[in-house]
Amino acid sequence: MVVAEPFKRHLCGFSNYVAASHQVTAPNTDREAYLRDMLDVAAREDVSLIVPVSEEIMHVAALGALLPEGVHLFCQPFEDLMALHDKFRFNRLAQAFGLAVPQTHLLGTDDAIDLAGTHDVVLKPGLGCAGMGIQHLAAGAALPKGEGGAVLVQKALTGRHTSTFSIAHEGRVLGTIVYTPEVVSNTVAAAFRRVEGPQQTAWVERFVRETRHSGFISFDFIDDDQGVPHAIECNPRTTSGIHFVEEDWLAKAITAPDRAGPLRIKPHPVMHQFWPVLTEVQNAMFRPGRGYGHKMGVLWKSKEVNFEWGDAKPVTLQIWAAWEILRRSAKTGESFGEASTFDIAWR
């Protein structure tokens, strides 16, 4: 496996499974240079398959028209992805399919004012990620000034939060993981529990069938007062649910989807990322009501997502690998999620 990444050091760069790691121009610095660098890496390493896994997918999608014959890109075209990444467009698309989504309008419209006057609402950027820029307003609170599609005003739901991660091929779901946050760092889950979710699974299957989606696709859901899951946003990429999937099956689903067979899941009901959870444990220590005992139990009793006895460097050297992100976070005051995606997130 070959990795192309804007940061000089990164987590998977220390893995025994990575044959080579190349630093490329950050797409948010120079998108054209990023695409040229990606094409150069593909040519030099004789790459036949490019698999975007994170926020960079919105930039990598542009490679589809530039790749030479014999090199495959594992994602949908840019316009298809944008219809999912844009939270307002996604909301309207799912609504058109008759799927459950919360009432949502654009800031600056009369509909948004009416909604905020009668319900608690959530304000969020239409192209946001990592929980950035979210505001909660009580019913009747004045909305900030805004025009156009930059900010969404969405009816707040207060039920259970769940997320899904799926792999699809030509409108058919090959497998779906449903999970809930077990430990949260800022607004991002640092530990997660796999759960049964027949309603969420059926929702995903309907959406994938209607859109004829291929590739990774993930959703966040919140239950309404009747316990019905409503999709609040779509991430057309990998999310934490991927950690529950057996690696051999995942590779087959990517490279030979017609022969992947039934989804194979790891035997761990709860998985965590060591350093973020350790930070949450330390923050809760000697502070009643912060869940210290629960977080400590998660840390010691659940499986770390990146650790293997024969491949321990990604965990043991994580602080060193993430030093550029930590330095930016300390300097700018950004959350770790913001600092780790500033160079690749499509905004």
Side-chain angles (χ1 to χ4, degrees), residues 83-107 109-126 128-129 131 133-141 143 151-166 168 171 173 175-184 187-189 191-211 213 217-236 239-241 244 263 265 269-270 291 294:
L84 307 180
H85 178 65
D86 185 312
K87 293 177 174 58
F88 184 74
R89 290 177 62 183
F90 159 70
N91 179 274
R92 291 300 188 260
L93 185 62
Q95 191 178 75
F97 298 149
L99 293 166
V101 290
Q103 188 176 350
T104 302
H105 301 291
L106 296 176
L107 183 65
T109 63
D110 291 340
D111 288 334
I113 295 172
D114 292 342
L115 178 63
T118 55
H119 296 86
D120 294 351
V121 296
V122 178
L123 275 64
K124 60 178 69 173
C129 66
I134 293 178
Q135 296 178 262
H136 296 264
L137 296 180
L143 292 174
V151 177
L152 278 61
V153 179
Q154 191 168 81
K155 180 181 177 181
L157 302 176
T158 58
R160 182 179 68 149
H161 289 237
T162 52
S163 298
T164 64
F165 164 74
S166 304
V173 174
T176 292
I177 297 291
V178 183
Y179 60 102
T180 60
E182 193 76 4
V183 175
V184 175
T187 61
V188 178
F192 11 86
R193 177 181 297 274
R194 184 170 57 83
V195 297
E196 297 299 320
Q199 290 177 287
Q200 293 90 334
T201 299
W203 196 108
V204 172
E205 290 176 348
R206 170 75 183 280
F207 188 89
V208 166
R209 184 169 64 251
E210 294 284 357
T211 57
H213 188 81
I217 190 164
S218 306
F219 299 91
D220 290 323
F221 292 86
I222 301 180
D223 292 356
D224 66 7
D225 294 340
Q226 286 73 48
V228 176
H230 286 54
I232 60 171
E233 63 182 66
C234 173
N235 296 300
T239 52
S240 299
F244 291 102
L263 173 65
I265 302 173
V270 180
H294 172 71

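Because only heavy atoms are used, hydrogens play no part in the values below, and waters and symmetry mates are left out as well, while side chains stay in.
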Student: For V178 and F221, what are the C-alpha separation, side-chain angles and deciding distance, and is it a side-chain contact (heavy atoms from CB on, under 4.5 Å)?
Tutor: CA-CA 10 Å; V178 183; F221 292 86; over 6 Å; no
Student: Do R160 side-chain atoms and T180 backbone N/O form a donor-acceptor pair below 3.5 Å?
Tutor: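 No; zero donor-acceptor contacts below 3.5 Å.
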Student: Sequence neighbours excluded and cut-off under 3.5 Å, please list the side-chain donor-acceptor pairs for residues 197-204, or say none.
Tutor:
{"from": "Q200", "atom 1": "NE2", "to": "T162", "atom 2": "OG1", "distance (Å)": "3.0"}
{"from": "T201", "atom 1": "OG1", "to": "G197", "atom 2": "O", "distance (Å)": "2.9"}
{"from": "W203", "atom 1": "NE1", "to": "A100", "atom 2": "O", "distance (Å)": "3.2"}

Student: Between A139 and D120, what is the shortest heavy-atom contact and its length?
Tutor: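 Heavy atoms only, the tightest pair is N-OD1, 2.8 Å.
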Student: Evaluate the criterion side-chain contact (heavy atoms from CB on, under 4.5 Å) for residue pair I222 and H230; output intermediate values, then yes/no.
Tutor: CA-CA 5 Å; I222 301 180; H230 286 54; 5.8 Å; no
Student: Begin from the C-alpha positions of L93 and F207 and carry the test side-chain contact (heavy atoms from CB on, under 4.5 Å) through to its verdict.
Tutor: CA-CA 9 Å; L93 185 62; F207 188 89; 3.9 Å; yes
Student: Would you check if F192 and P181 make a side-chain contact, meaning some heavy-atom pair closer than 4.5 Å?
Tutor: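 No - every pair of side-chain heavy atoms lies 4.5 Å or more apart.
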Student: The test is side-chain contact (heavy atoms from CB on, under 4.5 Å); show your working for K87 and Q154 and say whether it passes.
Tutor: CA-CA 10 Å; K87 293 177 174 58; Q154 191 168 81; over 6 Å; no
Student: Do L123 and L143 have side-chain heavy atoms sitting under 4.5 Å apart?
Tutor: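 Contact flag for L123/L143 side chains = yes.
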Student: Does the distance from a Lys or Arg side-chain N to an Asp or Glu carboxylate O, for E205 and R209, drop under 4.0 Å?
Tutor: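 The answer is no: the pair does not qualify as a salt bridge.
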Student: With no hydrogens and no angle check, is any side-chain donor or acceptor of N91 less than 3.5 Å from a backbone partner on P102?
Tutor: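 Present.
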Student: Which heavy atom of A156 sits nearest a heavy atom of V122, and at what distance?
Tutor: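 The answer is CB-CG2, 3.9 Å.
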Student: Cut-off 3.5 Å, no hydrogens considered: what does the side-chain donor-acceptor table look like for residues 110-117, sequence neighbours left out?
Tutor:
none

